[in-house]
Chemist: 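What follows is a single structure, and I will ask about it in a moment.
In what follows, chains are A, B, ... by sequence order, proteins preceding strands, each numbered from 1. Computed over heavy atoms, backbone and side chain alike; hydrogens, waters and symmetry mates excluded.
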Amino acid sequence: MGQNETETYQLNDEQRKAAQFDGGHALILAGAGTGKTSTIVARVDHLLSRDVDARRILLLTFTRRAAREMRLRMMQRSGESTKLVSAGTFHNFCLQFLRRWPDLFGCGALSIIDRDDQLQLMKLARGTIVGKDAQFPKSAELVNYYSYARNTNRTIAEYLKQFTEHDEETIQRITGVLQDYTKRKLDCRYFDYDDILQLFAKGLHQNNVLREKLKRRFDHILVDEMQDTNPLQWLILDGLRDPAKLFCVGDDAQSIYAFRGADFKNVHSFTDRVEGAQVLRLEENFRSYQEILDVSNWLLKQSPLDYNKNLHAARGRGDKPRMLEFSEDLEEADWITEDLAARHEGGTPWAEHMILTRTAFGARHVEASLVMKDIPYRFVGGTQLLHSAHVKDLLSLLRVADNSADQLGWMRYLTLWPRIGEKTAATIIGKLMGISRADMIESILTERTKANPRLAEAFAACVKLLDRPQQAITAAVDKMTPLLEKKYDDWDRRSKDLKLLERLAEKHATIGEFLETYTLDPISESEASNEDDQDVVTLITVHSAKGTEAPVCYLLGVQPGNYPHVRSIGDDDQEEEERRVLYVAMTRAKNELIMTGTSRYQGAFVPYHNRYFAAAGTNSQLYFLSDLPGHLLGDDLPFDDDPFDEPIRSYRD
DNA sequence: CTTAGTAATATTTTT
DNA sequence: TATTACTAAG
């Protein structure tokens, strides 16, 4: 333990000071690429060398990917004992305790639902409470209200009054819908993402027995990406600290999750809130060459906010970032994949390249081009495997087998069968509610769906295989194939996904765990099929890319309309957040940063708050890079401006 | 009530 | 592009 310190793993002075900090609580302000992960890993190593019990260290990350990376790095540095460190996301950590002490938290068996299910449930609630009313907020907006209010620890009414323009009466009606939604959620034993955090925080703060138990479990709480924690998450940290010590690492210039309730205050007010806390800074960038940082620094300097960031490259100088402009996004996509192929031909592994995109939608041409050229890739944040219609069809059976109160699952499963529509299904579901014994459910199904004997058979088969997920899927596919074949005319293509599902299920102990894993950590089709492949290009949304890096980074769609994104225009805070998104994207690159964009911006119009918004570079205020000084970039000329029909003028003139 | 066919709808970011 | 929403006919 700890024997490697300073020999193999070199830290600079700032990092070492942070890793070995011996006071109380600490906030580490760490700029992009300043070695946040290394410092956290080194801190764990330091604690272990001081004989801190690994089981008493808690490491909270923002995503599962980050948690995985941390575990790997800790293992490499400090060995087997780090397996005992609790490392995971907030959601993961909280859920673990809800499961361990359900009685103390007051929750029984539950299924985690994703945003899709939330939306559907909200649609039902909205339908019964307000009926048809085009003026009334759509279900998607209602889900956002509900989630945002809870993540910022406000009541619904308080949030609506403060952040929306709705009148008193509308607020009343919205509250009514959300109440109905909550009731439906409980009826189905559903838990949405926010319930996990909220119930944990509530138990932690309102149940003294529970708080004492939880507080006594950890001595050190390490938090990654502190700038993206929200008030609800802060409540959790605040409840767990003392005597446990907080070690929070973050960078306000990389805060890009305000839409999820993330609050800078967790960083800016840290020392006010936590008595005696110390602030340490990491300012030397180990990731990128100075030229990449020059452009990034310039971007932040344009902001009216003072980020007080001026990253300095420890690696010195390299190539200037490039900016390429194309007239069509198909050309842009093809250029990138051709460049990739050429580099690979030249001996560079695929894995050294990352393509960053503002939106998953914006990457569709690149994805198509990668497929065309047979370049292996994984798309992090791309279309989710579990969201395609045929997969949902299949999973509906597994869901109801796992949780018989799952009404959305029943509705989907039942209506797949001939002669069963919404009404018939609703009647059957009504009969099923409140019954938990599988054999009784089976007999009701058999009784009510005589025309489709396989409906009940398939259910019975899956229930028997609850702890053999792979076999359960095989059985489900077997029984449902005739149905799905008829429903989809491109069944051949779709059935491949179900094979993929079988393979994924192998690694899981129960159906419940299988469903939960991929609900909390959605997986895209390309990720699922390339799971074991190491050498692949990474296509990734900027939001998912926070915390990662690659030697060569392509930044897709660097053009007006994307930075800031049109949907954020009009709200100053949102626009400013978009600048940070671009900053995060740029600072991922280690050696080369290649920005591409199209001049003909998205055809013509983009819907924006029910208006049409033309943004084709008419207003330079709307594009962060419109005033970017040319000397910061490499020599690529914008293609359209390249004058090929002009006589050359001597430089001596 | 169900179903087949057509129209519309929405594509920011995520645990 | 793909899925969901709606409408008219069975």
Chemist: Using atom CD of E422(A) as one end and atom P of dT3(B) as the other, report the distance to the nearest whole Å.
Modeler: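 Roughly 12 Å, once rounded to whole Å.
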
Chemist: S369(A): what forms a side chain to side chain donor-acceptor pair (under 3.5 Å) with it, not counting sequence neighbours?
Modeler: D334(A), T337(A)

Chemist: Go through the structure and list residues passing ring-ring contact (aromatic ring centres under 6.0 Å, His included) with Y159(A), not counting sequence neighbours.
Modeler: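 Listed in chain order: Y145(A), Y148(A), F163(A).
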
Chemist: Can you list the residues that meet the side-chain contact (heavy atoms from CB on, under 4.5 Å) rule with A585(A), with sequence neighbours excluded?
Modeler: V542(A), L555(A)

Chemist: Under the rule for salt bridge (Lys or Arg N to Asp or Glu O under 4.0 Å), what residues qualify as partners of D224(A), not counting sequence neighbours?
Modeler: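 If we apply the salt bridge (Lys or Arg N to Asp or Glu O under 4.0 Å) test to D224(A), skipping adjacent residues, there are no hits.
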
Chemist: Test of understanding: with salt bridge (Lys or Arg N to Asp or Glu O under 4.0 Å), list the residues that count as partners of E332(A), not counting sequence neighbours.
Modeler: none

Chemist: Do the side-chain N and O atoms of D329(A) and T598(A) include a donor-acceptor pair separated by under 3.5 angstrom?
Modeler: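 Short answer, no.
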
Chemist: Could you tell me the separation between the CD atom of E141(A) and the P atom of dT9(B), rounded to a whole number of Å?
Modeler: 16 Å

Chemist: To the nearest angstrom, how far is K138(A) atom NZ from dT11(B) atom P?
Modeler: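 Result: 12 Å.
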
Chemist: Using the ring-ring contact (aromatic ring centres under 6.0 Å, His included) criterion, which residues pair with W491(A)? Sequence neighbours excluded.
Modeler: none

Chemist: In whole angstrom, give the distance that lies between atom NE2 of H565(A) and atom C1' of dA10(B).
Modeler: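 Those two atoms, NE2 and C1', are 12 Å apart.
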
Chemist: Once each nucleotide of nucleotides 3-10 of chain C is scored for protein heavy atoms under 4.0 Å, what B/S/- sequence comes out, 5' to 3'?
Modeler: SSS-----

Chemist: Could you state the CG-P distance from D489(A) to dG5(B), rounded to the nearest angstrom?
Modeler: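 Computing the D489(A):CG to dG5(B):P distance gives 11 Å.
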
Chemist: Please name all residues satisfying ring-ring contact (aromatic ring centres under 6.0 Å, His included) with F514(A), sequence neighbours left out, ordered by chain then number.
Modeler: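 F514(A) satisfies ring-ring contact (aromatic ring centres under 6.0 Å, His included) with H508(A), Y518(A) only.
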
Chemist: Return the polar atom pairs (N/O with N/O) between nucleotides 13-15 of chain B and the protein under 3.5 Å, or none.
Modeler:
residue, atom, partner, partner atom, Å
dT13(B), OP1, A360(A), N, 2.9
dT13(B), O4', R358(A), NH1, 3.4
dT13(B), O2, H543(A), NE2, 3.3
dT14(B), OP1, T541(A), OG1, 2.9
dT14(B), OP1, S544(A), OG, 3.0
dT15(B), O4', R260(A), NH1, 3.2
dT15(B), O3', H91(A), ND1, 3.2
dT15(B), O2, H91(A), NE2, 3.3

